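Computed from a prediction, not measured in an experiment: that's the story for all the values here. One-based numbering, in listed order, for ligands and for the atoms of each.
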Amino acid sequence: MRQNLQRVQARIQTATAAAGWTTPVELIVVTKYFPAADVQRLHSLGIRDIGENKDQEAAAKAADVGQLAGLRWHFIGQLQSNKAKSVARYATAVHSVDRPKLVTALSKGVAAAFDAGERSQPLECFIQVDLRDPVGEDNRGGAAPERIPALAEAIAEAEGLHLAGLMAVAPLDEPPGEAFARLAACAQRLRAEHPEATAISAGMSHDLEEALAHGATHLRIGRDVLGERDHSR
Ligand SMILES: *Cc1c(COP(=O)(O)O)cnc(C)c1O
């Protein structure tokens, strides 16, 4: 794990240097399908940002590892509104906000967590953008680009939420760089209205270089740090 992490960090170094990128990039290690013991191992190697895509799994791991100093949970999967309350208890950030109903549910969840003394900071919200062109009918998560302004407004006005920026997964049917270029254009338009929304969560194990070349500030890396996921578990 240590070597994998070093290799990924070296790739990030090379790619950020090539892009002339000077602000530090946030590496989120995605631990879905891996046990809480791996989260502890990652923490001992200096990782503080952990990504999960299912509430049940994430909540159990967050309870398991308890209060590891400085650990931050990033929720990166499709989220049902009825899970928002649970996620608001442990997550620092949700990268998959894609509809107004979820904004309302997360805001309520954060308010409840504030009241219960379970959190003290606002929830960082990323709008997930569907980069498929044209946007497909199936619901794979993500809002069409034209829906970003209204969602951004809703998050900015919601109690307990902070608009961080945009998130996307590159579609499989085109070179990732082209999709990330469209995301960068969306991010620029968003910042014109919401200067605080500077984050771009893009880039996974196989396309982190392309994401960094197009301004990614947050990378979500699973397999290149932890290895192949065992989906039978
Ligand atoms: C699993 C996952 C990742 C990590 O992907 P790898 O290919 O393992 O690096 C990133 N983002 C999302 C939304 C994921 O679900």
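The two residues A197 and R191 make their nearest non-hydrogen contact at O-CG, 3.3 Å.
Assignment of D224 to the shell around ligand 1 is not supported, since no heavy atom sits closer than 4.0 Å. Distances shorter than 4.0 angstrom do not occur between any heavy atom of H95 and any atom of ligand 1.
A91 pairs by the side chain to side chain contact (heavy atoms under 4.5 Å, CB included) definition with V87, L123, not counting sequence neighbours.
Shortest contact from atom 7 (O) of ligand 1 to any protein heavy atom: R223 NE, 3.3 Å. From the protein, the heavy atom lying nearest to atom 11 (N) of ligand 1 is R220 NE, 2.9 Å. Looking only at heavy atoms of the protein, atom 13 (C) of ligand 1 is closest to I76 O, 3.6 Å. From the protein, the heavy atom lying nearest to atom 9 (O) of ligand 1 is S205 OG, 2.5 Å. The closest protein non-hydrogen atom to atom 5 (O) of ligand 1 is M204 CE, 3.4 Å.
Every atom of ligand 1 is numbered from 1 in the order shown, and the set under 4.0 Å from a heavy atom of G222 is 4 (C), 6 (P), 8 (O), 9 (O). Which parts of ligand 1 touch I221 is read off a 4.0 Å heavy-atom cut-off, strictly below it: atoms 9 (O).
Around CD of E159, the count of heavy atoms belonging to other residues, nucleotides or ligands within 6.0 Å does not exceed 12. Within 6.0 Å of the CD atom in E196, the count of heavy atoms belonging to other residues, nucleotides or ligands exceeds 12.
Ring geometry, F126 versus H95: the interplanar angle falls under 30°, so the pair is classed parallel (tilted spans 30 to 60°).
Evaluation of the salt bridge (Lys or Arg N to Asp or Glu O under 4.0 Å) test over residues 9-32, restricted to residues two or more places apart or in two chains, returns R11-E209, R11-D224.
Contact annotation for K32 and ligand 1: only side-chain heavy atoms (C-beta onward) come within less than 4.0 Å of the ligand.
The shortest N or O to N or O distance between H206 and ligand 1 is not below 3.5 Å. Checked by distance only, ligand 1 and M167 stay at 3.5 Å or farther apart across all their nitrogen or oxygen atoms.
Between the side chain of N53 and the backbone N or O of G77 there is no donor-acceptor pair closer than 3.5 Å. Between the side chain of K54 and the backbone N or O of Q78 there is no donor-acceptor pair closer than 3.5 Å.
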